[in-house]
Amino acid sequence: MPVHIRSLGLQPYEDTWQAMQNFTSERSDETDDQIWLVTHPPVFTQGLNGDAKHLLVPAHQNNIPIIQTDRGGQVTYHGPGQAVVYLLLDLKRAKIGVRDLVSRMENTIIDYLSTLNIDASARKEAPGVYVNGDKIASLGLKIRKQRTYHGLALNLEMDMSPFHWITPCGLEGIQMTQVADQLEDTTAVPDMDTCLTELSQILLTHLEPEISG
């Protein structure tokens, strides 16, 4: 069954989250899977069991909204210059387990970064992708009746200062990084559309043959 890739551009986080919930609630066993490519205006999102202590600066002091969402994990930041890929998949139909899907998502980012000559890796105890110990990409999923939404966020070229106002993903002592800081030549940073397109194509190869592209 084909996967539909939708390029949504810059979208409010809350509207996109609601759209993902609606799609997941309304889909049937015959509904095609989708991958949404998007960026968001500045927003903090708190995971389902997130601890408020990880928001180090009160929201009213930084004028960035914080949204309590239903994905797993702790607090993170989304903003312009961050590539976001949402996976709306039927895991039962594809016969893919959650841990397996997380690994495929991590390997997608690792493979993409390798095309930029950035050496990245995953950590079993802390989902995400890391470069020299710093976190460059975050993952978060919601599974409802074996159907997924939410996904991954790769820091491409953005204002990183809001990450200093939180404990990213609840990981004490972890610094965040971005593609632009890992390249000697900043002119080599891909534009957002190119980044998202290439990420989605690599993701499809990691989802095959279980999910057909």
Side-chain angles (χ1 to χ4, degrees), residues 1-6 8 13 16-38 40 44-51 54 67-78 82-113 120-130 135-155 167-171 174 176 196 199-213:
M1 188 169 287
V3 178
H4 292 288
I5 298 177
R6 299 179 59 196
L8 304 179
Y13 178 85
T16 311
W17 174 32
Q18 184 63 59
M20 288 191 290
Q21 290 179 307
N22 293 344
F23 175 87
T24 303
S25 296
E26 296 167 4
R27 67 180 301 170
S28 70
D29 291 343
E30 288 72 45
T31 302
D32 292 344
D33 293 320
Q34 296 192 6
I35 293 172
W36 295 2
L37 311 179
V38 65
H40 293 304
F44 293 115
T45 66
Q46 180 71 280
L48 194 60
N49 298 309
D51 192 326
H54 296 306
I67 295 175
Q68 298 288 332
T69 185
D70 60 351
R71 60 164 173 78
Q74 297 284 336
V75 67
T76 193
Y77 170 72
H78 298 302
Q82 183 187 67
V84 180
V85 179
Y86 291 131
L87 288 76
L88 296 102
L89 309 176
D90 186 331
L91 296 185
K92 180 179 180 181
R93 184 170 63 199
K95 298 181 173 60
I96 296 177
V98 176
R99 179 62 249 183
D100 185 12
L101 177 61
V102 168
S103 294
R104 295 180 195 220
M105 293 165 66
E106 291 170 333
N107 288 332
T108 292
I109 300 166
I110 291 168
D111 287 354
Y112 171 70
L113 292 174
S121 60
R123 294 182 178 182
K124 184 177 294 185
E125 76 283 0
V129 176
Y130 301 81
K135 193 168 189 178
I136 198 168
S138 302
L139 278 63
L141 288 170
K142 175 67 176 180
I143 314 295
R144 183 192 294 173
K145 297 181 179 178
Q146 298 191 57
R147 292 162 177 163
T148 72
Y149 55 101
H150 295 294
L152 62 89
L154 171 66
N155 303 329
T167 307
C169 306
L171 299 172
I174 289 292
M176 300 297 293
L196 285 168
L199 270 175
S200 65
Q201 293 305 311
I202 295 171
L203 177 60
L204 285 178
T205 67
H206 281 284
L207 293 175
E208 293 175 344
E210 291 86 350
I211 297 176
S212 172

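It should be emphasised that the depicted structure is a prediction, and the values quoted were computed from it without experimental measurement. Reckoned from all heavy atoms, side chains included, excluding hydrogens, waters and symmetry mates.
Residues that satisfy the ring-ring contact (aromatic ring centres under 6.0 Å, His included) test with Y149, not counting sequence neighbours, are absent from this structure. Remark: S28 pairs with E30, T31 by the side-chain contact (heavy atoms from CB on, under 4.5 Å) rule, at least two apart or across chains. Every side-chain contact (heavy atoms from CB on, under 4.5 Å) that H206 has, sequence neighbours left out, goes to R104, N107, T108, D111, I202. With sequence neighbours left out, R147 forms a salt bridge (Lys or Arg N to Asp or Glu O under 4.0 Å) with D29, D90. For S121, the side-chain contact (heavy atoms from CB on, under 4.5 Å) test picks out no residue, with sequence neighbours left out. Under the side chain to side chain donor-acceptor pair (under 3.5 Å) criterion, R123 pairs with no residue at all, not counting sequence neighbours. Every salt bridge (Lys or Arg N to Asp or Glu O under 4.0 Å) that R93 has, sequence neighbours left out, goes to D33. T69 is linked by a side chain to side chain donor-acceptor pair (under 3.5 Å) to Y13, counting only residues two or more places apart in sequence or in another chain. For A153, the side-chain contact (heavy atoms from CB on, under 4.5 Å) criterion is met by H78, Q82, V84, not counting sequence neighbours. When the side chain to side chain donor-acceptor pair (under 3.5 Å) test is applied to Q18, the partners found at least two apart in sequence or on another chain are N22. With sequence neighbours excluded, the residues that form a side chain to side chain donor-acceptor pair (under 3.5 Å) with Q21 are D70.
Here the side chains of L89 and L207 are in contact, with some heavy-atom distance below 4.5 Å. With a 4.5 Å cut-off on side-chain heavy atoms, I67 and W17 count as touching. Side-chain atoms of V85 and L154, non-hydrogen and from C-beta on, never get closer than 4.5 Å to each other.
Atom OG1 of residue T76 and atom CZ of residue F44 lie 9.0 Å apart, to the nearest 0.5 angstrom. To the nearest 0.5 Å, atoms CE (M20) and CZ (R144) are separated by 10.5 Å. Within the model, atoms CG of L8 and OG1 of T16 stand 6.5 Å from one another, a figure rounded to the nearest 0.5 Å. From L37, atom CG reaches atom OG of S200 across 5.0 Å, with rounding to the nearest 0.5 Å. Atoms CG and OG1, from L101 and T148 in turn, are 6.0 Å apart once rounded to the nearest 0.5 Å. Note: R71 CZ to K142 NZ = 12.0 Å, rounded to the nearest 0.5 Å.
Closest approach of M105 to L87, counting heavy atoms only: CG-CD2, 4.0 Å. The two residues A94 and I211 come nearest to each other via the heavy atoms CB-CG1, 3.5 Å. In terms of heavy atoms, L199 sits closest to A83 at CD1-CB, 4.3 Å. The heavy-atom pair separating G128 from L139 by the smallest distance is CA-CD1, 3.8 Å. Here the closest heavy-atom approach between residue R6 and residue W36 is recorded as NH1-CZ2, 3.3 Å. The heavy-atom pair separating I174 from K135 by the smallest distance is CG2-CB, 3.9 Å.
A distance-only check finds a donor-acceptor pair linking the side chain of Q46 to the backbone of V75 [under 3.5 Å].
Ion pair R99/E106 flagged as a salt bridge, since at least one NZ, NE, NH1 or NH2 atom sits closer than 4.0 Å to an Asp/Glu carboxylate oxygen.
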| Stepwise side chain to side chain contact (heavy atoms under 4.5 Å, CB included) test for T45 and H150 | CA-CA 12 Å; T45 66; H150 295 294; over 6 Å; no
